[in-house]
Amino acid sequence: MKAVTFDPHSDTFALSNIEIPKLQYETDVLLKTHACGLNPVDAKIHLWKAMVNDMSAQWVPGLDVVGEVVDVGSKVDKFKAGDMVLCHGNMLRAYGGFAEYCIQDSEVLLPLPAVDVAIAAATPCAGWTAWRALVDKLNVADRNSVLITGGAGGVGSFAVQLARYFQLDTIIATCLAKNAAFVSQLGATDVIDYQSDDVVARVKQITNQQGVDIGLDTVGADNDIIVANSLRFDGQMVEIVDVVRPDAYDNAFLMGLGFHQLSLGAGHGHGRLGKASIVFAGQQFSQLVEAGKIAVPSLASITIEQVPTALNDMLSQRTVGKIVMCL
């Protein structure tokens, strides 16, 4: 079968021909891939490959998969051959979605939402992360204001839309000036050019010097500091790129700030409870996509032959919207 493989020795992606994988566990399913979303975590495999003990030169990345069930393990009873499903896969397992066939854990599958396969495949990593951050961690429905860094990116663009759906009065997002109109159209009430503006000062100005109720950092580097320093008294934030570091934030203790960390895929390593966190987020977010409440912005479809170049491009520039491989 055709597959995009990653060589851990040279840190390169290539289009290869490999054998169709076989089921490894009793809860596994074999999927015929219809679409697979591209995400930064796929492109940055060189940064996390050390967590895998047996990564070979035929390692296939690709987490966000739409596929047709072809074969099932002996303990799979919720899905059968012919079912169309959507999932967010396990980054620590081989045989991901950038291939004609892939292996997935049946316990993280959900039925394909009633949308185009490319739209569905564009949502898990970014959209479900945004849901878990804003809804599960930050209780967005009871908030009035939010700061989202990276509003034009995958997670950020979905987070802005979720904040709009939950009718927050003030939705502040950072992005490049060239993407300001795009982010405003998604629902941001205020857009800050992080290259030319003092983000913290602008947030304070917008909020009458109070700061925002909640914040979400989707960028990393020192953006966690920017978000933390933009919070009001008793404000809370979620960091999805790195670990929080309260000692680096202004008056974190006296401000009574609360901090959360989130890795959507970490649920794979924590049994049924962890896997259920992934599935529930997927179900809730997919309902909004089906109802037209959340859109996949700036969606681009590519072929499997284009995936290696697209992953390399993700490493060298900031991507706007979503890219999906379709077969």
Side-chain angles (χ1 to χ4, degrees), residues 1-8 13-39 41-42 45 48-113 117 120-121 123-125 128 263-283 286 304 307 311 324-327:
M1 67 172 183
K2 288 183 181 179
V4 174
T5 55
F6 174 77
D7 187 338
F13 299 101
L15 183 66
S16 306
N17 280 292
I18 64 175
E19 295 294 320
I20 295 175
K22 299 184 183 300
L23 302 180
Q24 296 175 294
Y25 301 106
E26 294 174 318
T27 58
D28 278 351
V29 296
L30 175 67
L31 300 182
K32 178 178 175 57
T33 306
H34 285 239
C36 185
L38 278 69
N39 295 290
V41 67
D42 300 309
I45 188 172
W48 54 264
K49 65 182 181 181
M51 293 188 288
V52 179
N53 295 324
D54 58 347
M55 184 176 286
S56 72
Q58 291 193 340
W59 184 274
V60 181
L63 299 179
D64 292 351
V65 181
V66 169
E68 178 184 349
V69 177
V70 174
D71 193 14
V72 300
S74 60
K75 289 189 176 180
V76 178
D77 55 10
K78 293 182 179 180
F79 299 94
K80 64 184 185 305
D83 287 346
M84 290 294 293
V85 296
L86 171 65
C87 70
H88 175 67
N90 186 345
M91 63 187 282
L92 302 183
R93 291 192 63 183
Y95 304 117
F98 295 138
E100 293 179 292
Y101 294 86
C102 66
I103 296 292
Q104 302 294 336
D105 182 349
S106 65
E107 294 180 341
V108 295
L109 300 182
L110 59 148
L112 179 66
V117 295
T123 61
C125 191
W128 303 0
S263 169
L264 178 71
H268 283 282
H270 294 277
R272 290 190 179 276
L273 181 64
K275 293 175 184 178
S277 71
I278 299 173
V279 173
F280 184 75
Q283 291 169 335
S286 293
I304 191 171
V307 171
L311 290 173
V324 174
M325 177 200 81
C326 292
L327 293 176

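Just so you know, these numbers use all the heavy atoms, side chains as well, and skip hydrogens, waters and symmetry mates. Given the structure is predicted, the values throughout are model-derived calculations rather than measurements.
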Peer 1: Which heavy atom of Pro113 sits nearest a heavy atom of Ala120, and at what distance?
Peer 2: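 Where Pro113 meets Ala120 most closely, the heavy atoms are CD-CB, 4.4 Å.
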Peer 1: According to the interplanar angle, ranging from 0 to 90°, do the rings of Phe6 and Phe13 count as parallel (below 30°), tilted (30 to 60°) or perpendicular (above 60°)?
Peer 2: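 Correct class here is tilted.
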Peer 1: Apply the test side chain to side chain contact (heavy atoms under 4.5 Å, CB included) to residues Val66 and Met84: give CA-CA distance (whole Å), side-chain angles for both, the deciding distance (0.1 Å), then the verdict.
Peer 2: CA-CA 7 Å; Val66 169; Met84 290 294 293; 4.0 Å; yes
Peer 1: Kindly determine whether Asp64 and Asn39 satisfy side chain to side chain donor-acceptor pair (under 3.5 Å), including the steps that lead there.
Peer 2: CA-CA 8 Å; Asp64 292 351; Asn39 295 290; 2.9 Å; yes
Peer 1: Should we count NZ of Lys49 as having more than 12 external heavy atoms under 6.0 Å?
Peer 2: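 Enclosed.
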Peer 1: Give a yes or no answer on whether the side chain of Ser106 reaches the backbone of Thr27 with a donor-acceptor pair at less than 3.5 Å.
Peer 2: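 Pair found, side chain donor or acceptor close to backbone of Thr27.
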Peer 1: If you look at every heavy atom in Val76 and Val72, which pair is closest and at what distance?
Peer 2: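 Result for this residue pair: CB-CB, 3.9 Å.
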Peer 1: Is the closest side-chain heavy-atom distance between Ile20 and Val70 below 4.5 Å?
Peer 2: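 No - every pair of side-chain heavy atoms lies 4.5 Å or more apart.
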Peer 1: For Leu31 and Val69: C-alpha separation, side-chain torsions, deciding distance, then whether side chain to side chain contact (heavy atoms under 4.5 Å, CB included) applies.
Peer 2: CA-CA 5 Å; Leu31 300 182; Val69 177; 3.7 Å; yes
Peer 1: Could you report the tightest heavy-atom contact between Ala35 and Ala121, atom names first, then the distance?
Peer 2: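 Shortest heavy-atom contact: CB-CB, 3.8 Å.
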Peer 1: Roughly how far, to the nearest 0.5 Å, is the CG atom of Leu30 from the CD atom of Glu68?
Peer 2: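 Rounded to the nearest 0.5 Å, the CD-CG separation comes to 10.5 Å.
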Peer 1: Closest approach of Val4 and Ile304, non-hydrogen atoms and distance?
Peer 2: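 Between these two residues, the closest heavy atoms are CG2-O, 3.7 Å.
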Peer 1: Roughly how far, to the nearest 0.5 Å, is the CD1 atom of Ile103 from the CG atom of Asn90?
Peer 2: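 Answer rounded to 0.5 Å: 13.0 Å.
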Peer 1: If you compare all heavy atoms of Ala99 against all heavy atoms of Ala3, which two are closest, and at what distance to 0.1 Å?
Peer 2: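 The answer is CB-CB, 3.6 Å.
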Peer 1: How many angstroms lie between CH2 in Trp128 and SG in Cys87, if you round to the nearest 0.5 Å?
Peer 2: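 One finds 7.0 Å between CH2 of Trp128 and SG of Cys87.
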Peer 1: Looking at Phe79, I'd like to know if its CZ atom is crowded, meaning that more than 12 non-hydrogen atoms belonging to other residues, nucleotides or ligands lie closer than 6.0 Å.
Peer 2: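 It does: Phe79 CZ has more than 12 such atoms within range.
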Peer 1: So how far is it from Leu327 CG to Phe98 CZ, rounded to the nearest 0.5 Å?
Peer 2: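 Taking CG in Leu327 and CZ in Phe98, the distance rounds to 10.5 Å.
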Peer 1: Take Ile18 and Met1 through the test side chain to side chain contact (heavy atoms under 4.5 Å, CB included) and record every step on the way to the result.
Peer 2: CA-CA 5 Å; Ile18 64 175; Met1 67 172 183; 3.7 Å; yes
Peer 1: Among Lys78, Lys275, Lys75, exactly one meets salt bridge (Lys or Arg N to Asp or Glu O under 4.0 Å) together with Glu107. Which residue is that?
Peer 2: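 Exactly one option meets the salt bridge (Lys or Arg N to Asp or Glu O under 4.0 Å) with Glu107, and it is Lys275.
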Peer 1: If you measure from NE2 on His268 to CD1 on Ile278, what distance do you get to the nearest 0.5 Å?
Peer 2: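 So the gap between those two atoms works out to 4.0 Å.
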Peer 1: NE2 of His34 to CG of Leu112: how many Å apart, nearest 0.5 Å?
Peer 2: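 These two atoms lie 9.0 Å from each other.
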Peer 1: Of all heavy-atom pairs between Val65 and Cys36, which one has the smallest distance, and what is that distance?
Peer 2: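 Residues Val65 and Cys36, closest heavy atoms: CG2-SG, 4.1 Å.
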Peer 1: Check the pair Val85, Gln104 against side chain to side chain contact (heavy atoms under 4.5 Å, CB included), reporting the backbone distance first and the verdict last.
Peer 2: CA-CA 10 Å; Val85 296; Gln104 302 294 336; over 6 Å; no
